[in-house]
Every structure is written in structure tokens, then in C-alpha cells.
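Notes for the one structure printed next.
The figures here come from the full heavy-atom set of this structure, side chains too, leaving out hydrogens, waters and symmetry mates.
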Amino acid sequence: MNTIEITEQYSMKAFGRIPLTEAKAKNCICFDENGKKYIDFGSGIGCNVLGWCNEAWADAVCNQVRTLQHACNYYYTKPQAELMEKLAKATGFKRMFLGNSGAEANECAIKVARKYSSDRYGKERGTIISLVNSFHGRTLATLAATGQDVFHQYFYPFPTGHVFAEANSLEDLQAKLDDSVCGIMIELIQGEGGVCVMDQEYVKAVRKICDEKDIILIIDEVQTGGGRTGTLLLQEQYGIQADVTTMAKAIGGGLPIGVCLVNEKCEDVITPGTHGSTFGGNPVACAGAVAVLDQLLAPGFLDSVMEKAAYLRSELEKMPEVTELSGIGMMIGMTLKSKDAHDVMLQANDAGLLVLTAKNKLRLLPPLTITKEEMDAGLAILRQLLA
């Protein structure tokens, strides 16, 4: 049996997989087991932010593997300390908790909001408002915080204490606010929800409401963080700072990591025994994340992301089949005039281009290190498929 047959025989059927076995890759080019070449416009759903097997990242990871691969969090490690210091200085957040995924980071954020409120107002103040069409993870708590009915099936009973407000509607948000609310949880771009961008004035108004009512503002930057939109965190472009922010995907460069960052208001909420993780802050993942941060923060790197994004968008806008582009920076949603996005994704795969979908849109999340030549090669395939 080949790789696909073995996987299909033994794995739970959790994924609708594409019949492609990725075997070897470098930067934005991947080869399958038969040597067929693919251009990557998806970066592992935004994780391979520096492309495949970035040399500085790989060297940092391999050196750490040979030095110290794991240490439990009773002890300290240099890679963990280095990552936290760099992230704190780059983002302006005060403290953080390191986990293994975006879902874990969002669970931690929910716990921070509820414990902050419990410490000050009692246990009756524990409701989290999140937005309709949001996506925050696959664990029970983060599914409960996800504002899409399709995810609220099969796994009853879901954790309580979650309500949903319409995105970009202050009126609906105000209607959901009561004395039980401890946190408001939003994505600035709803990635899985269709690459839908939040209005600047709406987000600033939410920040003001949270300040006035002592409610914790959580911004989920699992997909938007890590340079994807041209700044380390997208909230920088909105001119605000959340009380709690979550990161994952890009910051690991391809290894599992999740980060829950908190400001001064929440810096003392989590105390010994109230949260934990066996593998969170793993030295190998942290060493890789330090290498990612060093490159993202290098002079000119994020400027180049915006330049590449502007070029990609300008070329996509010229395609008659594309009726609308959404997103910010290198997080792009494409609305198509007549073609089905899922069909186009499969056709692109056959033609040697890796793309994604989000709801009814084609979704592009290229590695931030992609070259103009690689962009042009991928765009040529898209033009042909969408003609």
C-alpha cells in the first residue's frame, strides 16, 4: 500500500484530504512522492510563514533538538525565556502563557477573562460574547465560543456561558451586554469565516465599551498574527491593544505552539495551579519561534510583505472571474463570479498550485518569503483556471 492508502486505512476520518503526499519542500516549492512540483499559496494554512525548511529556522530547531528537546515547566529554559522577552518587547504585552496550538491559546484567554472577573466580581460574571461567523478552535470550549451553527453539533453538552453578536454591529453587541459579561472575543479578520474584515470604528468602539465596563477584550490573532497582514499583530493597524491576545500558526514557523499574551490589567490573573501545560513552551518549538521572530522583525521584512501583497492583489483584481478581494496583507479572500471555490482548489492542485478555501471564497495565505517569480508562476496557473 502507498502512503495515501495506509493513512486512509488507519486514520480517523477527520479530514477531507486532497490526494497529494507532500514529500520534500523548500521555501514556496513542494514536491510530491512522484517528483511533481507544486507552488505554495497556502503555507500549511498560514503556519509556514517563512516557507518550507527556512535555513535559519531549521538550524535553530536542529541545534535545540540536539541540546535539550523537552523540559517540564517546573524548570526554566533559555529558548522559552528568549522567546517571551522578544515577544513582549515587540508587542507591548506584559506577560504570556505558552501552549501548543491556537485552540489552547484561546482556551487560556477565556480562562483569563473569567478568572479576572471572578476575582473582582464573583462567579456569576462569566459570559463571553464572541461574534457570529467566528472560529476559535476545535476543543469543546473554543467550539462553544465559535459563532457558526455548523460547529454546534454532535458533541453535546457544550460548555455554557457563550453568546454571539453580529460582527460589525454595535447595536447587536449592546443588546447582548448585561451584568454577566466578562469578556468580548473577536477576530479582526474572520479567517475560517470567509476572510471577513472588522471595521476600524467598530473595533475601537468595542475597545471603549470594554474599558468603560471593565470587560476583558480578547483579540484572536491566531491567523492574522505573525506578520501575515504586514504588521506583527493586526491590531497595530487598528490603533488599539487588546487586554488578551492569542497567537499560533505563523509564530511557530511550522512547529506547534500557541501564545496567550496579556496586558498589565491581566498580568497577575493566572496563578500557580490555575493553568498549565506539559508541552507548552517546549524548547524546540520556542527556538524555532525565536528564529521566526528574528526574521519577521528584521528591517524591511514587513514592508516587503505589504509590497508583495499589493502586487498579488493588483494581479488578482485583473482577473475577470474575481469579483471581490477581502482580507489585509497576505491574507486574501477571493469571491468568484461563476466558479465554485472548492472545485478551483482541486483543479489548482492538479495543475501544481496549493490554495485554500474559506466558506465560498478561494483563500490565499502564501509564505511571506515568496518571491516575485513564485508569485508569477502561481498567478499564471490561477489565470488559466479562472479564464
Side-chain angles (χ1 to χ4, degrees), residues 44 46-50 54 56-116 136-139 141-142 218-223 225-227 232-233 242-264 266-297:
C47 295
N48 296 336
V49 67
L50 301 178
N54 174 270
W57 176 87
D59 287 345
V61 168
C62 290
N63 289 338
Q64 188 58 48
V65 165
R66 295 187 178 97
T67 305
L68 184 77
Q69 84 273 29
H70 173 69
C72 88
N73 283 305
Y74 289 151
Y75 313 110
Y76 301 87
T77 67
K78 185 176 180 179
Q80 190 179 112
E82 189 175 0
L83 173 60
M84 290 192 291
E85 182 180 36
K86 284 179 181 289
L87 259 182
K89 288 182 177 180
T91 63
F93 283 91
K94 186 73 172 180
R95 296 183 186 273
M96 64 201 71
F97 182 89
L98 302 178
N100 306 292
S101 68
E104 282 192 21
N106 284 334
E107 290 241 0
C108 182
I110 292 168
K111 291 177 73 172
V112 168
R114 285 179 170 164
K115 188 173 184 297
Y116 173 88
H136 297 293
R138 295 278 186 175
T139 64
T142 53
I218 302 167
I219 296 184
D220 176 344
E221 295 229 30
V222 167
Q223 196 165 134
L232 186 61
L233 293 173
D243 299 305
V244 182
T245 288
T246 56
M247 300 178 71
K249 289 189 179 291
I251 193 65
L255 286 178
I257 192 169
V259 187
C260 180
L261 302 113
V262 299
N263 64 4
E264 292 85 351
C266 299
E267 65 174 309
D268 296 321
V269 172
I270 296 297
T271 53
T274 58
H275 198 48
S277 172
T278 297
F279 285 106
N282 171 268
V284 179
C286 287
V290 168
V292 170
L293 264 183
D294 284 344
Q295 293 184 66
L296 293 181
L297 299 175

Handout entry: Candidates N106, I219, V259 - the one meeting side-chain contact (heavy atoms from CB on, under 4.5 Å) with T246
Key =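 That would be N106.
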Problem - salt bridge (charged side-chain N to carboxylate O under 4.0 Å, His left out) assessment of K89 paired with E85 - result: CA-CA 6 Å; K89 288 182 177 180; E85 182 180 36; 3.3 Å; yes
Nearest heavy-atom neighbours spanning [X] and [Y]:
| X | Y | value |
| --- | --- | --- |
| L50 | A291 | CD1-O, 4.4 Å |
| N73 | G280 | ND2-O, 2.9 Å |
| G225 | A250 | O-CB, 3.8 Å |
| P283 | T77 | CG-CG2, 4.1 Å |
| G137 | A103 | CA-CB, 4.0 Å |

Problem - Selection residues 280-290 - residue pairs positive for side-chain hydrogen bond (donor to acceptor under 3.5 Å, both in side chains), sequence neighbours left out - result: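 Checked against side-chain hydrogen bond (donor to acceptor under 3.5 Å, both in side chains) - neighbours excluded - no pair reaches residues 280-290.
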Handout entry: Which residues share a side chain to side chain contact (heavy atoms under 4.5 Å, CB included) with E82, sequence neighbours left out
Key =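 Result, side chain to side chain contact (heavy atoms under 4.5 Å, CB included) vs E82: K86, V290.
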Using a 4.5 Å cut-off on heavy atoms from C-beta on, say whether the side chain of [Y] contacts that of [X].
| X | Y | value |
| --- | --- | --- |
| T91 | L261 | yes |
| L232 | L293 | yes |
| C260 | V244 | yes |
| R95 | I270 | no |
| V262 | V269 | no |
| L68 | K78 | no |

Handout entry: Main-chain N/O of T274 paired with K111 side-chain donor or acceptor, under 3.5 Å
Key =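 Yes, because the side chain of K111 sits within donor-acceptor range (under 3.5 Å) of the backbone of T274.
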